[in-house]
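To start, the structure under review is shown below, and the notes come after it.
When reading the values below, keep in mind they use all heavy atoms of this one structure, side chains included, and skip hydrogens, waters and symmetry mates.
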Amino acid sequence: MNTEKRVRTRFAPSPTGYMHIGNLRTAIYTYLIAKKYHGDFILRIEDTDQGRYVEGAVEKIYDTLRVCGLNWDEGPDIGGPVGPYVQSERMGIFKEYAEKLVQSGHAYYCFCTQERIDEMHRQQKEAKVSNMMYDRHCRDLPKEEVDRLLAEGKPYVIRQKIPLEGTTTFHDILYGDITVENSTLDDQILLKADGMPTYNFANVVDDHLMGITHVVRGNEYLSSTPKYNLLYEAFGWEIPEYIHVEHIMRDATHKLSKRDGDAYFGDFVEKGYLVPAIMNYIALLGWAPKGENEIFTLDELVNEFDISGLSKSPAVFDPAKMTAINAEYIRRMSHEDFKKAAMPYIRQTVKREDADFDTLLEALQPRTELLTEIPEKVDFIDAVPEYSDELYFNKKMKTNAETGLEALKMILPVLESVEDWNAESVHTALFAEIEKQGVKNGWMLWPLRVALSGKAMTPGGGVELCAVLGKDESVKRVKAAIEKLTK
RNA sequence: GGCCCGUUGGUCAAGAGGUUAAGACGACGCCCUUUCACGGCGUAAUCAUGGGUUCAAUUCCCGUACGGGUCACCA
């Protein structure tokens, strides 16, 4: 990769809705390349399609990029030396450059009506034309004719005049040289009838004017890149380095989709994924680090990232792997951070104030993969849910409702006798009793867990639950369980 | 359909003309453990396919299959 010049990359989304996860990944790679080489990361809004503009979408882009820590050095909101950074505010520029191209013979006015184009497409389809392109009807209109139509005020577009013969080769850092026959390239529209540029044109002009050195974008642009190169050549501009990244798939044949609720950044935040974990995982989808570590903060990624680790084939999104990474992030949180993150979820099902939340959080943290699992995990704290006596049966512990009753009757006086109530004192007292009775730990503690929680799986065992619930509540629950089993 | 791109375990993937073909997630098993986890240890599982080139190919070349992308006054 050529880094002689100051590296400048850009993320150029269209304000057409929410932030797609694939788009976000492109933003991450784009950011990383800029930062890795101490260059500039630029945000540009490509809103040249007046019809697709979505209210609030620009703010959504800002918000997402910000919470992800992908801070831009130049952009619509903060300005910069080569603004404006919103394409609709640059209309005059594009028209001027399109006309330059007409003058130099690399583009031409086209007065074809939409009806004529539609009819042409219809006929091409009927004739089963394999490569449907504009038929170049206006390509060689005499100058006088063009001037006359222009003077009449006839609507027009400006099309790129692709060479009829020869080939065009472009270079991609990942894919190497790619060559195509010019005869397969369409005389694409550069300037639309409404005076707005197409993406294909605006993109080239802006990337040049903004001094972009490395163009990072989705692989769907691979096939139009030869046309971009022809444009750069027509202008006599230096061609940037291209890095096309493959798509993220739901499975081998489908892209992530809106319908499955797995396409947007916000979907995952809602599902309880931590933002750094999402970033970490999607960075890994289509890119492999050199070493064996897989957990990286954004800053660490800046150092670790290397273009050579990018993949040329599509990657299937694996929710299980992202969950595992999320769990790793949760485990690595400090107690305080976890508390801050988890309490709102605990509060969804726990209203009481007198529980020992620190003990609960300690038990919860290594058992939590997704924050959204928490409410269900702690929903027994306010009150024991309805449960079946079957729960007392545990093959490994050799317990059942009968032995459970026996154990709980032993436990009750022990708990009542504990003075200074905490996990340690309860543990000491209970284990003394276990030894005294000569029973297995589980024989005594499994029923305690059930009695306290009405669940087979809880954050922590009987001892921790005692500590969490407090003496009065624990004793009360054990008594209630004895009563329930006695009936 | 034309053109372009791709194909290493279930998934993400490293890798190199000669390797026991990494690692992670997942699965399974064992250990630890008062459950579930966490942690530890281990097992199974991969070079799409047919031809070349070569002493040697999963690695290089060609074809085939499969998959993806693109063929808009959308980006």
| said: Starting the side chain at C-beta, find the nucleotide from B:A72, B:A22, B:G39 nearest to A:E292. | reply: B:A22

| When all nucleic acid strands are considered with a 4.0 Å heavy-atom cut-off, which category describes A:T458: base, sugar-phosphate, or nothing? | base

| request: Look at the side chain of A:H247 and decide which nucleotide, out of B:G69, B:A13, B:C25, has an atom nearest to it. | output: B:G69

| Within the modelled atom types, does a donor on one side and an acceptor on the other bring the side chain of A:K396 and the base of B:U33 under 3.5 Å apart? | yes

| request: Would you mind classifying the nucleic acid contact of A:E464 as base, sugar-phosphate or nothing, using non-hydrogen atoms under 4.0 angstrom? | output: base

| message | Students often get this wrong, so: under 4.0 angstrom with heavy atoms, is A:E294 touching a base, only sugar-phosphate, or nothing? | response | base

| request: Could you check whether A:K312 gets within reach of a base, just the sugar-phosphate, or nothing at all, counting any heavy atom under 4.0 Å? | output: sugar-phosphate

| task | Looking at every strand, decide which applies to A:Q365 at a 4.0 Å heavy-atom threshold: base, sugar-phosphate, or nothing. | result | nothing

| message | Categorize A:T323 for me: base, sugar-phosphate, or nothing, with a 4.0 angstrom heavy-atom threshold over every strand shown. | response | nothing

| field | Pairwise C1' distance, B:A45 and B:G26 [rounded to whole Å] | value | 12 Å

| query | So what does A:M196 touch, heavy atoms closer than 4.0 Å: a base, only the sugar-phosphate, or nothing? | reply | nothing

| Does some side-chain heavy atom of A:V58 sit less than 4.5 Å from a side-chain heavy atom of A:Y53? | yes

| With a 4.0 Å cut-off on heavy atoms, is A:T48 in touch with a base, just the backbone sugar-phosphate, or nothing at all? | sugar-phosphate

| task | Quick one: look up who B:G39 pairs with, Watson-Crick or G-U, both distances under 3.5 Å, and put none if it's unpaired. | result | B:C31

| task | Report, as yes or no, whether the 6.0 Å neighbourhood of atom NZ on A:K440 holds more than 12 heavy atoms from other residues, nucleotides or ligands. | result | no

| query | Can we call the ring centroids of A:Y108 and A:Y156 under 6.0 Å apart? | reply | no

| remark: Between NZ of A:K125 and C1' of B:A72 the distance, given in whole Å, is 11 Å

| field | Watson-Crick/G-U partner (both atom distances under 3.5 Å) of B:A21 | value | none

| Expressed in angstrom and rounded to an integer, what is the separation of A:Y281 atom OH from B:A24 atom P? | 16 Å

| said: If I take atom NE2 in residue A:H244 and atom P in nucleotide B:A75, what distance separates them, rounded to the nearest angstrom? | reply: 17 Å

| note | Applying the 3.5 Å cut-off to both distances, the Watson-Crick or G-U partner of B:G6 turns out to be B:C66

| task | Look at all strands and tell whether A:A456 reaches a base, only sugar-phosphate, or nothing, counting heavy atoms closer than 4.0 Å. | result | base

| Using atom P of each nucleotide, how far apart are B:C61 and B:G17 to the nearest Å? | 13 Å

| task | Would you please classify the geometry between the A:Y62 ring and the A:W72 ring as parallel, tilted or perpendicular, with 30° and 60° separating the classes? | result | parallel

| message | Is it the case that atom CE in A:M132 sees more than 12 heavy atoms from other parts of the structure closer than 6.0 Å? | response | yes

| request: Classify the nucleic acid contact of A:N200 as base, sugar-phosphate or nothing, counting any heavy atom under 4.0 Å across all strands shown. | output: base

| said: I'd like to know if the side chain of A:N326 reaches the main chain of A:E369, judged simply by a donor and an acceptor atom lying under 3.5 Å from each other, with no hydrogens or angles considered. | reply: yes

| task | Have a look at A:A193 and say if it touches a base, only the backbone sugar-phosphate, or nothing, with a 4.0 Å heavy-atom cut-off. | result | base

| field | A:E152 atom CD, over 12 foreign heavy atoms within 6.0 Å | value | yes

| So which one's nearest nucleotide on RNA chain B is more toward 5', A:A252 or A:N441? | A:N441

| message | For B:C73, give the paired nucleotide (Watson-Crick: N1-N3 plus N6-O4 or O6-N4; G-U: N1-O2 and O6-N3; both under 3.5 Å), or none. | response | none

| If each of A:V463 and A:K321 is mapped to the nucleotide of RNA chain B with the nearest heavy atom, which maps nearer the 5' terminus, i.e. the 5' end? | A:K321

| Could you give the CG-to-C1' distance, from A:L222 to B:C3, as a whole number of Å? | 11 Å

| query | What is the distance, rounded to the nearest whole Å, between atom CE of A:M132 and atom C1' of B:C73? | reply | 15 Å

| task | Under a 3.5 Å limit for both distances, which nucleotide forms a Watson-Crick or G-U wobble pair with B:A56, could you say? | result | none

| What is the distance, rounded to the nearest whole Å, between atom CZ of A:R159 and atom C1' of B:A72? | 10 Å

| query | When we call it a touch if two heavy atoms are under 4.0 Å apart, what does A:G286 touch: a base, just sugar-phosphate, or nothing? | reply | sugar-phosphate

| query | Which is true for A:I189 with a 4.0 Å heavy-atom rule: it touches a base, it touches only sugar-phosphate, or it touches nothing? | reply | base

| task | Report the distance from atom CD of A:Q188 to atom P of B:C3, rounded to the nearest whole Å. | result | 20 Å

| request: Using a 4.0 Å heavy-atom cut-off across all strands, classify A:C466 as base, sugar-phosphate, or nothing. | output: nothing

| query | Rounded to whole angstroms, how far apart are CZ on A:R449 and C1' on B:A37? | reply | 11 Å

| query | A:Y29 pairs by ring pair (Phe, Tyr, Trp, His ring centres under 6.0 Å) with which of A:F305, A:W287, A:F11? | reply | A:F305

